[in-house]
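First listed ligand is number 1; within each ligand, the first listed atom is number 1. Note that the numbering runs from 1 along the sequence shown for the chain.
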Amino acid sequence: MEPIAHLVKVSVPNYLSNLPIPDSIGGWFQLGVKDWFSLIPPTAVLVGIGYMSYLSFCPKARKGNCKRVNSKIKLLNNKVVDVLDIENITENVAFCRCWKTKNWPYCDGSHAGHNSKCNDNLGPLVINKKN
Ligand code: FES
């Protein structure tokens, strides 16, 4: 515990008190290159804390890359689950993995339109009937 107490009570306050923060706005223009470089680490820490706070408290920021995939299949269900016994497969069958088909759970080729439009490479899961 003592190292942490020393860090909080002595090291950090000494470090902060030695930063070249001017007393007036005009003082910022009198800082030298070395002074500006010494302000980079604490500025980076403050920006990091601000960004982490933004991510924590702003719901829109967390959704960033989260985009709904399923826009039309069983939308009232909490989770779309389909079960098919492998013994019941009587012919080769392709299951949709792109969520664009109009014949769920089977592939109807709709992935091709998505792929050409979005430069993507989606495709079905094909189960071949055992001969
Ligand atoms: S339509 Fe979805 S994988 Fe073919």
Side-chain angles (χ1 to χ4, degrees):
M1 226 32 220
E2 190 174 325
I4 294 174
H6 186 270
L7 181 74
V8 171
K9 293 178 181 176
V10 179
S11 297
V12 172
N14 282 346
Y15 172 73
L16 292 174
S17 67
N18 288 328
L19 287 175
I21 298 176
D23 295 328
S24 66
I25 292 177
W28 289 102
F29 299 104
Q30 296 169 354
L31 292 178
V33 173
K34 187 179 172 189
D35 296 331
W36 282 105
F37 274 111
S38 67
L39 291 173
I40 290 175
T43 303
V45 168
L46 287 176
V47 169
I49 290 171
Y51 183 67
M52 296 304 286
S53 301
Y54 170 69
L55 291 179
S56 298
F57 298 111
C58 183
K60 284 187 176 179
R62 273 182 268 145
K63 287 185 178 176
N65 293 329
C66 185
K67 211 171 161 190
R68 188 175 180 103
V69 172
N70 180 15
S71 61
K72 62 184 177 184
I73 297 166
K74 300 180 183 179
L75 294 178
L76 296 179
N77 295 16
N78 288 333
K79 180 175 17 177
V80 178
V81 177
D82 296 291
V83 177
L84 183 66
D85 288 331
I86 200 90
E87 294 84 19
N88 294 341
I89 294 178
T90 57
E91 59 187 16
N92 296 346
V93 63
F95 291 98
C96 178
R97 295 190 302 179
C98 76
W99 297 85
K100 308 286 182 205
T101 184
K102 294 174 182 69
N103 188 27
W104 186 260
Y106 305 103
C107 172
D108 69 354
S110 297
H111 60 267
H114 166 82
N115 286 345
S116 69
K117 181 179 168 190
C118 301
N119 193 26
D120 211 338
N121 63 352
L122 303 180
L125 166 68
V126 178
I127 306 285
N128 289 326
K129 178 189 161 226
K130 201 173 182 182
N131 293 324

salt_bridge(Asp82, Lys74) N-O dist < 4.0 Å: yes
Can you establish whether the number of heavy atoms outside Tyr15 located under 6.0 Å from its atom OH is more than 12?
yes
request  = Flag the pair Leu39 / Pro20 as yes when at least one side-chain heavy-atom distance between them is below 4.5 Å, and no otherwise.
outcome  = yes
Take atom NZ of Lys9 as the centre, draw a 6.0 Å sphere, and report whether it contains more than 12 heavy atoms from other residues, nucleotides or ligands. no
Within a distance under 2.8 Å of atom 2 (Fe) of ligand 1, the protein atoms of type N, O or S are Cys96 SG, Cys98 SG
Across all chains, not counting sequence neighbours, the side-chain hydrogen bond (donor to acceptor under 3.5 Å, both in side chains) partners of Asn121 are none
Output for pair (Asn70 CG, Trp99 CH2), nearest 0.5 Å, gives 5.0 Å
